[in-house]
Amino acid sequence: MSLFKGSLPAGFLFPYRHPKAKGLVESALYGLGGLLRGVGVALDELGSMAQGPQGGVKEHVQPNLAFAPVHRKPDVPVGAGQVVPAPAAAARTLKVKEVVIPNKHSSAFVAANANVLGNVKIGANSSIWYGAILRGDVNGIFVGSNTNIQDNAVVHVSKYSLDGDARATVIGDNVTIGHGATVHACTIEDNCLVGMGATILDGATLKKGSIVAAGAVVPPKTVIPSGQVWAGSPAKFLRNLEPEEEAFIAKSAANYSELSAIHKFEQSKTFEEQFVEMAIMKDRAALADPSNSVHQMWEYDSQTALVARAKR
């Protein structure tokens, strides 16, 4: 059964978001806290500039590369990403004027530890899962709508090849790319499934509604016709798709699109929200434990189940 009820957005399923400050005193303290944090960030940046590049780099954690730019190269066409002016620090340190950043639809989900770099376009309701890498540094990566690229998959492109052709990677709509798969400079049309650990090499084409089995290796320039299952290394025709497999491809895309909305919502929470929810879970566990009599001494908030006051 779907976790969603009707057409409610994911937020309605998680009603315990950290409340905003209310009242004059709370609002004033919240604003003061924001001001102090902003001053701290500004002072840190000033100190980093005074120390020079080495001091600034060494004292900061590595940046989150879930959505990172690459240096724009004049000989690389930009069709998927967006060209923007380089940030001041990059322009000063790397001597670059423009960078290419990914172009992601607002409804798409990119996991926090995924790496999506450069000339990449991600369509509506698509999802890039944990540990996946989409590296659009020397050519473009186009990902359609309702497509899922699962954990630890690698998608790359080519600038040079044995036949001299540069190739982008084009992935259509409603495509499932399984865990740990490698997709390199190829074309995957709509409603395809690439099994876990499979490898699709340069210039290969998966026609609409085809399946590559787990662990298969599709050689360069291979064309897999619509409605077929290929398997093995090198991959060869195995059989035609069964009707239930066609239905599974559509169901897989829909399920991952729905699941990604929940993960996207959870990852949007602030530290304060996560802290409050952890406290709620602990108190609810205590309430549900029949051997725990301590909670009988307290009155609980009916919505959050957090201790409100001692019983009188």
Restricting to salt bridge (Lys or Arg N to Asp or Glu O under 4.0 Å), what partner residues turn up for [X], sequence neighbours left out?
X: Glu245; value: Arg239
X: Arg135; value: Asp137
X: Lys221; value: Asp163

With [X], which residues qualify under side chain to side chain contact (heavy atoms under 4.5 Å, CB included), at least two apart?
X: Phe275; value: none
X: Glu246; value: Leu241
X: Leu238; value: Val229, Ala231
X: Asn139; value: Val157, Ala166, Ala168

TODO: Give the other cluster members for Leu32, using side-chain heavy-atom distances under 4.5 Å between Ile, Leu, Val, Met, Phe, Trp and Tyr residues; answer none if it is isolated.
DONE: Leu36
Open item on the list: Would you say that more than 12 heavy atoms from the other residues, nucleotides or ligands in this model lie under 6.0 Å from the NZ of Lys159, or not?
Closed with: yes
TODO: Could you tell me whether Leu35 atom CG has more than 12 heavy atoms of other residues or ligands within 6.0 Å of it?
DONE: yes
Task: Check: Ile249 main-chain N/O paired with Ser252 side-chain donor or acceptor under 3.5 Å - done: no
What distance separates [X] [atom1] from [Y] [atom2], expressed to the nearest 0.5 Å?
X: Met196; Y: Asn152; atom1: CE; atom2: CG; value: 12.5 Å
X: Leu24; Y: Leu29; atom1: CG; atom2: CG; value: 9.5 Å
X: Ser268; Y: Glu266; atom1: OG; atom2: CD; value: 7.5 Å
X: Lys264; Y: Ser127; atom1: NZ; atom2: OG; value: 11.0 Å
X: Asn191; Y: Asn174; atom1: CG; atom2: CG; value: 5.0 Å
X: Thr147; Y: Ile122; atom1: OG1; atom2: CD1; value: 10.5 Å

Closest non-hydrogen atom pair, [X] against [Y]:
X: Tyr130; Y: Ala111; value: CD2-CB, 3.4 Å
X: His263; Y: Phe109; value: CB-CZ, 3.7 Å
X: Asn119; Y: Ala80; value: OD1-N, 2.9 Å
X: Ile177; Y: Ile171; value: CD1-CD1, 3.6 Å
X: Ala181; Y: Gly195; value: CB-O, 3.9 Å
X: Pro225; Y: Val223; value: CD-O, 3.4 Å

Scan the side chains in residues 198-219 for donor-acceptor partners under 3.5 Å anywhere in the protein, sequence neighbours excluded, and list what turns up.
| unit_1 | atom_1 | unit_2 | atom_2 | d |
| --- | --- | --- | --- | --- |
| Asp202 | OD1 | His184 | ND1 | 2.8 |
| Ser210 | OG | Lys207 | O | 2.8 |

Linking I/L/V/M/F/W/Y whenever any side-chain heavy atoms sit under 4.5 Å apart, do [X] and [Y] land together?
X: Ile128; Y: Leu193; answer: no
X: Val138; Y: Leu134; answer: yes
X: Val100; Y: Leu117; answer: yes

Task: Close side-chain approach of Val116 and Lys104, heavy atoms under 4.5 Å - done: no
Task: Test item: Asn146 and Asn125 side chains (from C-beta on) under 4.5 Å apart, heavy atoms - done: yes
What pairs with [X] under side-chain hydrogen bond (donor to acceptor under 3.5 Å, both in side chains), at least two apart in sequence or on another chain?
X: Asp151; result: His179
X: Asn148; result: Gln150, Thr176
X: Glu98; result: Arg72

